[in-house]
Amino acid sequence: MNVFAHVEGRIIAALEQLKSKAKLPTDLDLTGVKVDAPADRSHGDLATNAALVLTKRAGMKPRDIAELLKAQLASDPEIAKIDVAGPGFLNLTFTPGFWHDLVRTIIADGAAYGRSDLGQGLNINVEYVSANPTGPMHVGHCRGAVFGDTLANLLAFAGYKVTREYYINDAGGQVDKLASSVLWRYRQALGQDAAMPDGAYPGDYLMPVGAALAKAHGDALLELDNAKALAIIKDATMAAMMTEIRLDLALLGIKHDVFFSERSLTAGHDQIAQTIAALRAKGFIYEGSLPPPKGEPNDDWEDRTQTLFKATAFGDDIDRALQKADGSYTYLAGDIAYHRNKLARHFDQLIDVWGSDHKGYIKRMQAAVQALSDGKQTLDVKVSEIVNLLDKGVPVKMGKRTGNFVTLRDVVEAVGPDAVRFMMVYRAPETVLDFDYAKVTEQSKDNPVFYVQMAHARIASVFRNAAETFPALTPSSAAVRDPNLTLLNDQGEIALIKKLADFPRLIDAAARAKEPHRLAFYLYDVATALHGQYARGNDSPYLRFIQADEMVTAARLGLLLAVKQVITSGLGVLGVQAPEAMR
RNA sequence: GGUCCCGUAGCUCAGCAGGAUAGAGCGGCAGUUUCCUAAACUGUAGGUCGCAGGUUCAAUUCCUGCCGGGAUCACCA
């Protein structure tokens, strides 16, 4: 149950009643009426802006509308207090029983608590990672991978039907270069003294691929025509690289539903040609040349005639090339064909998660999706900014394609998947993130991963301790799952329940905004409330969860069970373990 | 030069589809351990929300311009 939605429904109903009694204009438009938590919780549990929003439309003073609404709601048994405050806010305070019922609801709903029907079962495609299969994943890929996966989890939790997709860039010049690099490693594996080709990938990680080819084929590949040999090597290399990448992703608990190969676009039917033809039919293709880049003068610039996509028709800065001067397709052409393929698979929404270095690519891709779908479909692109890898505040060096980059595997093995996943979404994606090895493995409040997991483990610990005195009070017992909750009357306990009440609304908001980091921060808040209540027992033993009275203990364990459920669900969406005990 | 992102407390960052006196952690200061894990908790100090306009009953939030920082720019992938 979403408390906010529930109460909003009651407010709307009350306003409708006022309309039917003609105390408000009968044709009054109620859009914009919302229920929120008041800025200061001492004002009440929930607040509505109804009077402020309606004042103009109704032609009445806000406080007069508020008073009407207050009178209309006065008979509600769950509302303990209603105040008109400030310019016309209506602050509602609920009875303890209202909150006690929520605890019961959370326990009964279990893993379903917090799920929403926001997505209404719509099909949504989330494409993320899509790292080039030219080597192991490095830490730079990590953030986008975790962000995309967490976003997918979040959307699924919010009621969408999610397809997780990976676009394999297994075509183009880089892959050819990679194949030549493997050929070199293959020769080396055969004992030849081969020189490293120009522009080859120097990393050691290609040595096993060369060795495996040597083992499988002997020197037979050298007998073949060079192009044929490279084709075989390319296939083997792609397979090997994708195996590695899947293993890397598995370390983080990431599993895609679809791996879509760029090469498959031109494998039987040339989908790129079909795509260009489709765009041409809509009038968005022409042969022409582009103006030279502005700003820094570039000596290499040549004017040339190419097949261009009229991206400017959809707000892009310039039109974009789809075919190179030699007639081969550009990367963009393939990517447009890929997105056309996605459109053909009838997703209701498309989301791409890209690294910040692709920011400049967003407009042209969105232009293409609009052009292909006649403006009926939009592409939502989420960009994740770079990660600065630090150790105790000192930058950890990493280079691109130098062969000595920090791999994703290094990082996960150093700090564990939970810390990586949590910390990578503990920041808005569009902000630069500092990731400090030392910090994320620290066991303190300064490390949110630890702090949230600790809250879960602490609850599990309390259950274990309680069982020593009251063996009947297990998490699955009726005594704990349906206790006498009126015994929960401490302010801290009620505050904890109210924090849990925020969960469904938070999920909704985070899913709507596609911002998983909000969930991470929320869980930190829940953990703070739990640890705080626990600590109050230090000074005031009567507040400890385990009491001499079994009924009181059962009620508090019931509350803890609800807290545990929310933390478990929340961490589940983040893809982080909820441990029963800390090491 | 164009485009995009960021600019909130000394530091790192939240701020919930605009809302009432802007929050958290760290660091500072002052406290708290016969107690379910002190790996913690409580209190306190600290802010012209980069600047200037605009829209609105209401702007940290939306729009415009400027300033500062970052990313990016053609046949790369």
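Just so we're on the same page: letters track the sequence lines, and every chain starts at 1.
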Next item on the list: Report the residues that fulfil side chain to side chain donor-acceptor pair (under 3.5 Å) with A:Asp380, sequence neighbours left out, ordered by chain and then residue number.
Entry: A:Lys514
Next item on the list: When you get a sec, tell me which of B:G19, B:C16, B:U32 is the closest nucleotide to the side chain of A:Phe89?
Entry: B:G19
Next item on the list: Using the ring of A:Phe309 (Phe, Tyr or Trp, six-membered ring only), decide whether A:Arg320 places NZ or CZ under 6.0 Å from its centre and within 45 degrees of its axis.
Entry: no
Next item on the list: Look only at the side chain of A:Asn91 and the backbone of A:Asp83, and say whether a donor-acceptor pair between them is shorter than 3.5 Å.
Entry: no
Next item on the list: Tell me whether the OP1 or OP2 atom of B:A74 has a side-chain N or O from A:Arg320 closer than 4.0 Å.
Entry: yes
Checklist line | N/O (side chain, A:Ser356) to phosphate O (OP1/OP2, B:C5) under 4.0 Å | finding: no
Notebook entry, point to check: Between the main-chain N or O of A:Asp316 and the side-chain N or O of A:Arg364, is there a donor-acceptor pair closer than 3.5 Å?
Noted result: no
Item checked: Flag for A:Glu287-A:Thr307: side-chain donor and acceptor within less than 3.5 Å -> yes
Next item on the list: Using the closest heavy atom to pick a nucleotide of RNA chain B for each, name whichever of A:Ile318 or A:Ile362 lands nearer the 5' end.
Entry: A:Ile362
Considering only nitrogen or oxygen atoms on both sides, find all protein atoms under 3.5 Å from nucleotides 57-63 of chain B and state each distance.
| unit_1 | atom_1 | unit_2 | atom_2 | d |
| --- | --- | --- | --- | --- |
| B:C57 | OP1 | A:Lys56 | NZ | 2.3 |

Next item on the list: Name the nucleic acid region contacted by A:Ala325, choosing base, sugar-phosphate or nothing; use a 4.0 angstrom heavy-atom cut-off, strictly under.
Entry: base
Next item on the list: Would you kindly give the CD1-to-P distance between A:Ile507 and B:A17, to the nearest whole Å?
Entry: 14 Å
Are there any protein N/O atoms within less than 3.5 Å of an N/O atom in nucleotides 64-67 of chain B, and if so, which ones and at what distance?
none

Margin query: Return whichever of A:Gly360 or A:Leu290 has its heavy-atom-nearest nucleotide of RNA chain B closer to the 5' end.
Written below: A:Gly360
Check: At under 4.0 Å, does any side-chain N or O of A:Arg364 touch on OP1 or OP2 of B:C73?
Finding: no
Notebook entry, point to check: Using centres under 5.5 Å plus planes under 30 degrees as the test, is A:Phe521 stacked with B:A24?
Noted result: no
I'd like a table of atom pairs between the protein and nucleotides 28-31 of chain B - only N or O on both sides, under 3.5 Å - with the distance next to each one.
none

Note to self: Please classify the nucleic acid contact of A:Ala509 as base, sugar-phosphate, or nothing, using heavy-atom distances under 4.0 Å.
What the structure shows: sugar-phosphate
Notebook entry, point to check: Has A:Thr431 got a side-chain N or O lying under 4.0 Å from the OP1 or OP2 atom of B:A14?
Noted result: yes
Notebook entry, point to check: Reading RNA chain B 5' to 3', how would its secondary structure be written in dot-bracket notation, given Watson-Crick and G-U pairs with both distances under 3.5 Å, brackets [ ] for crossing pairs and | for partners on other strands?
Noted result: (((((((..((((.....[...)))).(((((.......))))).....(((((..]....))))))))))))....
Next item on the list: State whether A:His517 places a side-chain N or O below 4.0 Å from either non-bridging phosphate oxygen (OP1 or OP2) of B:G15.
Entry: yes
Item checked: Pairs touching residues 448-466 of chain A that satisfy salt bridge (Lys or Arg N to Asp or Glu O under 4.0 Å), sequence neighbours left out -> none
Margin query: Any side-chain N or O of A:Tyr451 below 4.0 angstrom from OP1/OP2 of B:C41?
Written below: yes
Note to self: What is the distance, to the nearest angstrom, from the CZ atom on A:Arg518 to the C1' atom on B:G15?
What the structure shows: 9 Å
Margin query: Suppose we call a contact any N or O donor and acceptor under 3.5 Å apart; does that hold for the side chain of A:Arg536 and the base of B:C41?
Written below: no
